[in-house]
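Take a look at the structure below.
Hydrogens, waters and symmetry mates play no part in the numbers below; they use all other heavy atoms, side chains included. All of these numbers come straight from a predicted model, not from anything done at the bench.
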Number of protein chains: 2
Amino acid sequence: MSEQITAAMIVIGDEILSGRTKDLNIGHLAEIMTAIGIDLKEVRIVSDDESAIVDAVNALRGAYTYVFTTGGIGPTHDDITAEAVSRAFGLPCPYDERAYATLEAYYAKRGIEFTEARKRMARMPQGAEHIDNPISLAPGFRIENVHVMAGVPAIFQAMLDNVVPTLKTGAKLLSDNVHCPHGEGVIGDRLAAIQKEHPDTIIGSYPKYRDGSFWTELVIRARDAEKLSAAKEAIETMVTELAGAKGP
Amino acid sequence: MSEQITAAMIVIGDEILSGRTKDLNIGHLAEIMTAIGIDLKEVRIVSDDESAIVDAVNALRGAYTYVFTTGGIGPTHDDITAEAVSRAFGLPCPYDERAYATLEAYYAKRGIEFTEARKRMARMPQGAEHIDNPISLAPGFRIENVHVMAGVPAIFQAMLDNVVPTLKTGAKLLSDNVHCPHGEGVIGDRLAAIQKEHPDTIIGSYPKYRDGSFWTELVIRARDAEKLSAAKEAIETMVTELAGAKGP
């Protein structure tokens, strides 16, 4: 069996915790990780607070193969991700020469003042590598296994596209699903038995409720295509045999 | 100044981490907490793994006034939240008599078998209080400061409606916002100065990017209405004075 590659995500920003902005990046990262065979194991949403960010980075970077952060790398006073990540690694957070020069040239060309606030976007932990930002130029960065990216979804997605080819990816997790017209109560016992009989698969049961009726989306995941089909077949048999069953 | 009431949320479920299901509960809880003056400080999304749930519950229940969990309380084998929360508190996880009787009667009345799987929904840590579920009956529960609720959004929202009146709520955080047609780079320096001049407010800057242009949503939060208006006025003056400025 190939090495399991794992990941965690840190979403940084008071605006998500206040409910003012709805996060769109978690779902996107999750889909991309699944597609390339990396197991996203944990997500933490933390506030724009240096200690909270440092603690999350240090808790997760040792526990998982990769850590991805979004948010807090813009030019305003509440953008403290670069300092916080530097502190987590015990590194200084100077202006990165290349980022500084790039931004300086960018603003000069447009006749825009290169203010102290804008200069902040050139800071990163000493020795970090850039993650290119094709949209607004100010780069994200990678330091060891931690990838620091923007919170604005369009920029985050563009940065992630640049990161993905640099990741070692696991054996891809295959998945298939079965629409089950029964509620979880109907299928619970038999589904548990099927999971037991198919130990190399992960069977997820996602209860749905709409307009007064219950149904279930069953998702089977496995690294092996034959084991996946065998489990799927067992589940489809179960669904057929339970036709007419009632209840949530 | 009144006591600050804080909260953390634990979202439990492999389906969120795989990207298959997009979470809708974080944004809802965040909005409700903000509305009633409780500061949501942290959210963790963890997989259907007992140790991961136990660790998150124990890390957060000591750090914040309240903890809210969603997911993993249905009848299938991957619904392990009740055991995990019991283990976090060092409590047994028996069938709760009243929940068991309620569910038994509910299924009997409908001529539906009360299977082992369905009985699982009656388990909770010894001594927990019910959180009523008006939609599908199986209750959530509260043990000390941890509130365990369903992951299906309609049920989660109904359960949360039952929990809110039981919470001590903080002084409500007032908020106001200013639409700023400039990117963060334009306003960063002056906004930092305004934040310094208005220490009893929290000024958040949320960069937006759409169709090639940058703008910023500025949100001011304060417990005091006068301080809020003073900061808002300073920001509006800044926005006006910067008219014509360019750049991201």
Among [options], which has the most heavy-atom pairs under 4.5 Å with chain B?
options                              : value
A:Ile135, A:Asp23, A:Ile26, A:Asp48  : A:Ile135
A:Ile16, A:Asp14, A:Thr115           : A:Thr115
A:Glu31, A:Glu113, A:Arg20, A:Gln195 : A:Arg20
A:Met33, A:Lys41, A:His77            : A:His77

Exercise for the section: Locate the shortest heavy-atom distance separating A:Ser136 from B:Phe214; write the atom from each residue and the value. Expected result: CB-CZ, 3.4 Å

Exercise for the section: Over all heavy atoms of both residues, which pair between A:Thr76 and B:Gly188 is shortest? Give the atoms and the distance, please. Expected result: CG2-CA, 4.0 Å

Completion exercise
Looking only at B:Asn177, B:Ile155, B:Ile202, B:Val11, most heavy-atom pairs under 4.5 Å shared with chain A are made by B:Asn177

Handout entry: Pick from B:Thr216, B:Val46, B:Asp79, B:Val219 with the largest number of heavy-atom pairs that fall under 4.5 Å of chain A
Key = B:Val219

Practice task
For B:Ser18 and A:Thr34, test the side chains for any donor-to-acceptor distance below 3.5 angstrom and give the result as yes or no.
Solution key: no

Please flag which part of [X] lies under 4.5 Å from any non-hydrogen atom of chain B: side chain, backbone, both or neither.
X        : result
A:Arg221 : side chain
A:Asp189 : both
A:Ile10  : neither
A:Thr21  : side chain

Salt-bridge present ([X], [Y]; N to O < 4.0 Å):
X        : Y        : result
B:Asp39  : B:Arg223 : yes
B:Lys208 : B:Glu184 : no
A:Arg118 : A:Glu116 : no

Exercise for the section: State the OH-CZ distance between A:Tyr100 and A:Phe114, to the nearest 0.5 angstrom. Expected result: 5.0 Å

